[in-house]
Amino acid sequence: MSKRILILDDNQDILEIVHETLSYEKFDVKSTSKGADVMPMLAEFGADLVILDYRVAGINGGELCKQIKCHPDFKDIPVIIFSAYINHDDELFGYGCDAIINKPFDLTELVEKVNSLIL
């Protein structure tokens with residue numbers, strides 16, 4: 001059974017590229033551009049890994065990461081935060097994420113980080 005990945009990014013181009021790349025790598029991928037969708041989708045989809053854009057409308061990816069890590073059913077799910085804010089890694093790790101990918105990013109780096117966290 002393929003590993004499931006949930007992606008949040010409000011940039012449609014990035015969302016599509018990441019979705020397609022991870023689907024090509026044989027992951028089962030669900031994606032959304034709305035932060036409010038993440039927790040319900042996580043409950044329904046049962047993801048093995050979550051990728052969150054830090055800057056999205058409404059709740060930010062860091063706060064969503066905190067919610068995931070504080071939830072008894074989801075706390076062990078690895079979370080990667082996408083961020084265009086270089087030199088804020090300490091602040092981002094403070095949310096409890098397992099990895100950070102700085103934008104712009106290389107698709108090879110994305111696949112390597114995903115594989116290191118869930119395979």
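Side chains are part of it too, since the values below use all heavy atoms of this structure and drop only hydrogens, waters and symmetry mates.
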* In chain order, what residues pass the side chain to side chain contact (heavy atoms under 4.5 Å, CB included) check against S31, with sequence neighbours excluded? ->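 S31 satisfies side chain to side chain contact (heavy atoms under 4.5 Å, CB included) with I7, L15, H19 once adjacent residues are dropped.
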* Asked: Is the backbone N or O of E20 less than 3.5 Å from a side-chain atom of S23, with the two atoms forming a donor-acceptor pair by type?
  ->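 Not a single qualifying donor-acceptor pair exists.
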* For the pair R4 (side chain) and G46 (backbone), establish whether a donor and an acceptor sit closer than 3.5 Å, ignoring hydrogens and angles. =>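 Here the side-chain-to-backbone pair exists.
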* Asked: Does one hydrophobic cluster hold both L107 and V114, with members joined at side-chain heavy-atom distances below 4.5 Å?
  ->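 Yes, same cluster.
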* To do: List the steps, then state whether side-chain contact (heavy atoms from CB on, under 4.5 Å) holds for I101 with K113.
  => CA-CA 8 Å; I101 296 178; K113 281 204 178 166; 3.7 Å; yes
Between [X] and [Y], what is the shortest heavy-atom contact and its length?
X    : Y   : result
E63  : Y95 : OE2-CE2, 3.4 Å
A47  : L42 : CB-CD1, 3.7 Å
I118 : P78 : CG2-CG, 4.1 Å

* Asked: Can you list the residues that meet the ring pair (Phe, Tyr, Trp, His ring centres under 6.0 Å) rule with F45, with sequence neighbours excluded?
  ->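 Checked F45 against ring pair (Phe, Tyr, Trp, His ring centres under 6.0 Å); zero matches.
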* Trace of the side-chain contact (heavy atoms from CB on, under 4.5 Å) decision for Q67 with H71 -> CA-CA 6 Å; Q67 286 182 19; H71 193 287; over 6 Å; no
Report yes if some heavy atom in the side chain of [X] is under 4.5 Å from a heavy atom in the side chain of [Y]; otherwise report no.
X    : Y   : answer
I80  : L49 : yes
E91  : Y54 : yes
V50  : F74 : no
I51  : V79 : no
T32  : M41 : yes
V111 : T21 : yes
V18  : L22 : yes
L52  : V38 : yes

Any chance you could measure [X], atom [atom1], to [Y], atom [atom2], to the nearest 0.5 Å?
X    : Y    : atom1 : atom2 : result
L117 : I77  : CG    : CD1   : 12.5 Å
N102 : I81  : CG    : CD1   : 11.0 Å
L8   : C65  : CG    : SG    : 11.5 Å
K34  : D9   : NZ    : CG    : 13.0 Å
I14  : L110 : CD1   : CG    : 11.0 Å
E44  : L6   : CD    : CG    : 10.5 Å

* Asked: Mind checking whether F82 and F105 have parallel, tilted or perpendicular rings, split at 30° and 60°?
  ->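 F82 vs F105 ring planes: parallel.
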* With sequence neighbours left out, write down each residue that passes salt bridge (charged side-chain N to carboxylate O under 4.0 Å, His left out) with D98, or none if nothing qualifies. =>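 Applying salt bridge (charged side-chain N to carboxylate O under 4.0 Å, His left out) to D98 gives K69.
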* Asked: Ion pair present between K103 and D53, side-chain N to carboxylate O less than 4.0 angstrom?
  ->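 Yes.
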